[in-house]
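Report on the following structure.
By convention here, the first residue in the shown sequence is residue 1. Counting starts at 1 for both ligands and their atoms, in listed order.
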Amino acid sequence: MTVSDPVVESIVATISRSATEIRQGLIGRRSTVDEENPSGETQVEADIWADELLGDRLRAIDGVGQYASEERAEVDDCGDDPATSGSFAVAVDPLDGSSNLKSNNAMGTVFGVYDDALPARGDALVTAGYILYGPITTMVLATEETVSEYELTGGERTVVETDLTLPDDPVVYGFGGRVPDWPEDFQAYAREIESELKLRYGGAMIGDVNQVLTYGGIFGYPGLESRPEGKLRLQFEGNPIGYIVERAGGRSSDGSQSLLSVEPTELHDRTPVHVGNADLIERLEDRLA
Ligand SMILES: O=P(O)(O)OC[C@H]1O[C@](O)(COP(=O)(O)O)[C@@H](O)[C@@H]1O
Ligand SMILES: [Mg+2]
Ligand SMILES: [Mg+2]
């Protein structure tokens, strides 16, 4: 199954073909380097390597006007301006959850294809997806039409599900950040959810969101007392995940509105992120109001 726009298909094919290589290249690249990314976080060798690999390949595609990643400070202009031409901007979190490399746990790659210049609102996304490096390498891809799941091996992508939707009856939840750092209203909401659903938290947004897409439920990384803007980045994490979950029939929220309506101010903006079954997100917004 391919995406109807040839440039977007080329972007998706490039990322999915690179995924098996990225997975293989993690070996020997687990240690931290003496560098910080633009969000002030320690980088591991693999973060920088995966960013360079994806950046080189995506910038070479005709019709990609901008490449941006969590690992580089500025937008890389590599073609026509996506705001005024038919070009696309690609925003990537090359390795999501890379601190899990040390303990050898799940990680991912997240991407969003915008038809506007970055930083852009999530409703400018035309496609978004993620790779999950679990026991099997899979890709979840959301387009305007549908959400599909693929298995990736040796550069090939094989469809396993063409119309992925969030199960109606929620089963799992996962919330990031230290509990004492959660604002009181979020703590009260979490107490309710704990009594209804099962905890699933692995410390990589992609792994945790994939649990929610598989079983139904809610994933959240809230605004914290010490950091009201939360931890996750709007362009590289919040928008793509919000788009995917909304396309799959769920909802996304920054605590008061859909992530896709959040107005960005800077490329590396952070935002609280909540995604999951619509009724759970509505309840959350009521509690935080
Ligand atoms: O360790 P914490 O505070 O629970 O944070 C976990 C969150 O941070 C992240 O690892 C941030 O992503 P990066 O690894 O891409 O910086 C998310 O994947 C995850 O949801
Ligand atoms: Mg991430
Ligand atoms: Mg990352």
To check your reading of the site, what angle at the Mg ion (ligand 2) do OD2 of D93 and OE2 of E237 form, to 10°?
100°
How about L260 and Y243: do any of their side-chain heavy atoms sit closer than 4.5 Å?
yes
Is the shortest side-chain heavy-atom distance between S16 and Y150 below 4.5 Å?
no
So which N/O/S atom does D96 have closest to the Mg ion (ligand 2)?
OD1
With a 4.0 Å cut-off, would you call R283 and D279 a salt bridge?
no
Between E70 and R270, is there a salt bridge with N-O shorter than 4.0 Å?
no
Apart from I27 itself, which Ile, Leu, Val, Met, Phe, Trp or Tyr residues share its cluster (side-chain heavy atoms under 4.5 Å, direct or through members)?
none
Identify, by name, the N, O or S atom of E70 lying closest to the Mg ion (ligand 3).
OE1
Should the heavy atoms of other residues, nucleotides or ligands under 6.0 Å from CD of E156 be counted, would the total exceed 12?
no
Is it true that some N/O/S atom of L95, main chain or side chain, lies under 2.8 Å from the Mg ion (ligand 3)?
yes
Any idea how Y201 and F219 line up, ring-wise: parallel (<30°), tilted (30 to 60°), or perpendicular (>60°)?
parallel
Kindly assign one of parallel, tilted or perpendicular to the pair F175 and Y173, based on the angle between their ring planes and the thresholds 30° and 60°.
tilted
Report every pair formed by an N or O atom of ligand 1 and a protein N or O atom separated by less than 3.5 Å, giving atom names and the distance to 0.1 Å.
residue: ligand 1; atom: 3 (O); partner: Y221; partner atom: OH; Å: 2.7
residue: ligand 1; atom: 4 (O); partner: Y201; partner atom: OH; Å: 2.5
residue: ligand 1; atom: 5 (O); partner: K231; partner atom: NZ; Å: 3.1
residue: ligand 1; atom: 8 (O); partner: K231; partner atom: NZ; Å: 2.9
residue: ligand 1; atom: 12 (O); partner: D96; partner atom: OD1; Å: 3.2
residue: ligand 1; atom: 12 (O); partner: E237; partner atom: OE2; Å: 3.1
residue: ligand 1; atom: 14 (O); partner: G97; partner atom: N; Å: 2.7
residue: ligand 1; atom: 14 (O); partner: S98; partner atom: N; Å: 3.3
residue: ligand 1; atom: 15 (O); partner: E70; partner atom: OE1; Å: 2.9
residue: ligand 1; atom: 15 (O); partner: D93; partner atom: OD1; Å: 3.3
residue: ligand 1; atom: 15 (O); partner: D93; partner atom: OD2; Å: 3.0
residue: ligand 1; atom: 15 (O); partner: L95; partner atom: O; Å: 3.2
residue: ligand 1; atom: 15 (O); partner: E237; partner atom: OE2; Å: 3.4
residue: ligand 1; atom: 16 (O); partner: R233; partner atom: NH2; Å: 3.1
residue: ligand 1; atom: 18 (O); partner: D96; partner atom: OD1; Å: 2.8
residue: ligand 1; atom: 18 (O); partner: D96; partner atom: OD2; Å: 3.2
residue: ligand 1; atom: 18 (O); partner: M205; partner atom: N; Å: 2.8
residue: ligand 1; atom: 20 (O); partner: M205; partner atom: N; Å: 3.3

